[in-house]
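Below: one structure in structure tokens.
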Protein chains: 4
Amino acid sequence: MAKTKEERRKEIIETAGKLFEEKGYEQTQVQDIVNEIGVAKGLFYYYFKSKDEVMEELADRYADAIIDAVNELIDKDISTFDKINRIFQIFIDSAEKKSGIFMGILNVKNGITHERIFFNVGEKMVPLVTELILSGNDNGECNCSDPKFITEFLVSGLFNIMNQISPDEKIDYLKEKLPTIKTMILKLYNFAEQKESK
Amino acid sequence: MAKTKEERRKEIIETAGKLFEEKGYEQTQVQDIVNEIGVAKGLFYYYFKSKDEVMEELADRYADAIIDAVNELIDKDISTFDKINRIFQIFIDSAEKKSGIFMGILNVKNGITHERIFFNVGEKMVPLVTELILSGNDNGECNCSDPKFITEFLVSGLFNIMNQISPDEKIDYLKEKLPTIKTMILKLYNFAEQKESK
Amino acid sequence: MAKTKEERRKEIIETAGKLFEEKGYEQTQVQDIVNEIGVAKGLFYYYFKSKDEVMEELADRYADAIIDAVNELIDKDISTFDKINRIFQIFIDSAEKKSGIFMGILNVKNGITHERIFFNVGEKMVPLVTELILSGNDNGECNCSDPKFITEFLVSGLFNIMNQISPDEKIDYLKEKLPTIKTMILKLYNFAEQKESK
Amino acid sequence: MAKTKEERRKEIIETAGKLFEEKGYEQTQVQDIVNEIGVAKGLFYYYFKSKDEVMEELADRYADAIIDAVNELIDKDISTFDKINRIFQIFIDSAEKKSGIFMGILNVKNGITHERIFFNVGEKMVPLVTELILSGNDNGECNCSDPKFITEFLVSGLFNIMNQISPDEKIDYLKEKLPTIKTMILKLYNFAEQKESK
DNA sequence: GATGAATGAGACTTCATTCAT
DNA sequence: CATGAATGAAGTCTCATTCAT
């Protein structure tokens, strides 16, 4: 047995994430997590100081994955409108990934997981998008008087939609809604009417 | 002392609501609630079967208060745009009331309370607004191809905004954002450009 | 309303007895008893010092009813065998009465009720029957070397049988078994082979 | 410390059994059990899901021990009368074992323990003995028209006797009564008059 | 790296009993 | 006689965390 340290850490985080989504944070016991993996409880505490620390890292990892992708995009030489669209696309795509998180059925009991992840993602994503819109305002691509508020709105709206549909329908549902979302972006940030480049 | 049954019920619900907001559902013990009121723990269970039942009733009461106000509005002889605006106004106003609920600082620990209330409110409010827009579509006041999705977006967006600011700033913040919200409504439901009647 | 003191006492005792049988002593709350009657909980404590006191009185009443009937019989001018038979007949008959007690389905949870009543009845009945057999030994009607042990055996055996069949079948079952019981009495106390006088 | 799982389980079951007998099931708290052993309360729930589960296992173990011994006996090549005698002997012997169960003073409060154990034992023992008598009827060793009823009678009678005497006197008392019990068996099942082989 | 028995504080809940009206 | 809101001690059960092996 004896996996490498990093493998085990990842295994624990991902298993925890899966269970938090399925049953909620409070309803998932450390025992459930180690049972799922097939190791002893003590091992959990060899890798993490507490159950809470796993949650924290979980939310961070998820947020970081999104932010990394967004950062990579931001310096590209494409229109602001395209950037914004792609950012939300990345956000949505993350729901398709096998990350374990985001894959849970809406469960009123797992509120804490959702809020925590949302908080982490939102906190990092909103400033990036806001900055982007502000520069778009400057060069005339768009005209939005309160980009921070609008962005918070869009992010939280999307997030909640994603948490209210079952994982099976999620991908198809979001694909179906994509044009509507693009129209919303167009209107709310006041982009000049335009065609999206591939 | 022996208050009437209805007074005590209300007192317990409101005290519970206040504490749930302040500390979160899981972190609020039944003992905290009865301490705050100054009665014995048994009394709590004389009125409610469980801690969960209080939460349920709390969420229902809050949702019902909003829905009642919305229903009253819906038959009035004013434009659809005005109705929609006022509905969101009611939604926002409810956050100002001293109801005890909704008054909490954003606390990542009280996710369950927020999700539960949001779920109850959203579930009832979205269909009402959707219906309104559909009839607005029919008589040419607006032109929205997916009113249900847009409404879910607006409701969840607003809800999250309200949960992310401290109660002290909340009222002023929302008042400040009101024009922006109205503009969003105007654009997202595609209302014909118009003046709102006072 | 306002029944007489004695009526209310009886009502409470009988209702309690019924519920103890149905659900067991520990599982029956004072609240259940007063709910069934339709009065307030305080009234229960106006008539009885405690829940235990009701149980005590219940067991006593039941035992006394049997003992009274047995005592009446004991001085009659009939054979000892007939007396013994009739005593067990009385014991069995009491199970048919609408007394509320003894009418419960076997419920592993109501052990306390059964044991308590059995204890009270047995304690009073065994010495009477034992005495009877001893005098029967003296005048040659029977010949039993350990009447106390045999009687305890018969009483506890009957009692358990009665607690193991459902109330609906009870009467018919016991009627069916009556000849077997008589044969047991005949053999165990070593009565001279004889015909029972009607 | 850290005993093996099976040792601890057994320790808990036996300690619980001892206390149930001494004070009754309802009157024995989980706290009492763990105090007696000198461990933390959580450990109890590490091994058992509930207090009730211990009781269930207790009754099962006791019943199984008897049934195992009886089964071993049943195929031996001895007379039916001897088998029946030895079965009741096993039943009685089990009361002498230091198993912890069955060793309690008669306590009207421990009715549930007694009823439960009796129920489990009786349920398994009665059919075995009944079958034995039926085959004894076939080969002419005995002649009993209702072996099931008689057996229920004997088992419940013995059981009650055992619960009504203090543990100190129990062994001597039962030894003293053994001839009487054998005579009862002889008569009730209508065995042909005979000598028991040693 | 890994185990899992053991801990123990503290949560929720129950209910017999009281007492002011 | 009757009410029923209020009490509070006591019980069962949970679970994150520790630590000796």
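Residue numbers begin at 1 in each chain, while the letters A, B, ... track the order of the sequences.
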> Considering residues at least two apart in sequence or located in another chain, which fulfil the salt bridge (charged side-chain N to carboxylate O under 4.0 Å, His left out) criterion with E6(A)?
Replying inline: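 Expected list: R61(A).
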> How would you list, by chain and number, every residue that makes a side-chain hydrogen bond (donor to acceptor under 3.5 Å, both in side chains) with D60(B), sequence neighbours excluded?
Replying inline: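 Result, side-chain hydrogen bond (donor to acceptor under 3.5 Å, both in side chains) vs D60(B): N120(B).
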> Under 3.5 Å, side chain of R8(C) to main-chain N/O of Y47(C), donor-acceptor pair present?
Replying inline: no
> dG1(E) and dA20(F): how far apart are their C1' atoms, nearest whole angstrom?
Replying inline: 15 Å
> Whole Å only: how far is the CG atom of N35(A) from the P atom of dC15(F)?
Replying inline: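 One finds 13 Å between P of dC15(F) and CG of N35(A), rounded.
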> Atom CD of E53(A) to atom C1' of dA16(F): distance rounded to whole Å?
Replying inline: 14 Å
>> My understanding is that only residues two or more places apart in sequence, or in another chain, count here; which of them pass salt bridge (charged side-chain N to carboxylate O under 4.0 Å, His left out) with K49(B)?
In response: E53(B)
> What's the CZ-C1' distance between R9(D) and dG4(E), to the nearest Å?
Replying inline: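 Rounded to whole Å, this separation is 16 Å.
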> Which part of the nucleic acid does F48(C) contact within heavy-atom distance under 4.0 Å: base, sugar-phosphate only, or nothing?
Replying inline: nothing
Less than 3.5 Å apart, which donor and acceptor atoms pair up between the side chains of residues 32-39 of chain A and the rest of the protein, not counting sequence neighbours?
unit_1	atom_1	unit_2	atom_2	d
D32(A)	OD2	K23(A)	NZ	2.8
D32(A)	OD2	Q29(A)	N	3.0
N35(A)	OD1	Q31(A)	NE2	3.0
N35(A)	ND2	Q31(A)	O	3.4
E36(A)	OE2	K18(A)	NZ	2.4

> Quick one: ring-ring contact (aromatic ring centres under 6.0 Å, His included) pairs with a partner in residues 26-46 of chain C, sequence neighbours left out?
Replying inline: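 Those involving residues 26-46 of chain C are F44(C)-F48(C).
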>> K124(B): which residues meet the salt bridge (charged side-chain N to carboxylate O under 4.0 Å, His left out) condition with it, sequence neighbours left out?
In response: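 Partners of K124(B) by the salt bridge (charged side-chain N to carboxylate O under 4.0 Å, His left out) criterion, ordered by chain and then number, come out as D64(B).
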>> Expressed as a whole number of angstroms, how long is the span from I37(A):CD1 to dT3(E):C1'?
In response: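 Those two atoms, CD1 and C1', are 14 Å apart.
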> What's the CG-P distance between D32(D) and dA10(F), to the nearest Å?
Replying inline: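 From D32(D) CG to dA10(F) P: 12 Å.
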>> Walk along nucleotides 8-15 of chain E from 5' to 3' and tag each nucleotide B, S or - by protein heavy-atom contact under 4.0 Å, base first, then sugar-phosphate.
In response: B-BSBBBB
> For the residue pair A16(D) and V54(D), what are the closest heavy atoms and their distance?
Replying inline: CB-CG1, 3.6 Å
> What stems involve DNA chain F, if each pair must be Watson-Crick or G-U and both of its distances must be under 3.5 Å, with 3 or more such pairs in a row?
Replying inline: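 Listed by first number, the stems are E:2-21 with F:2-21.
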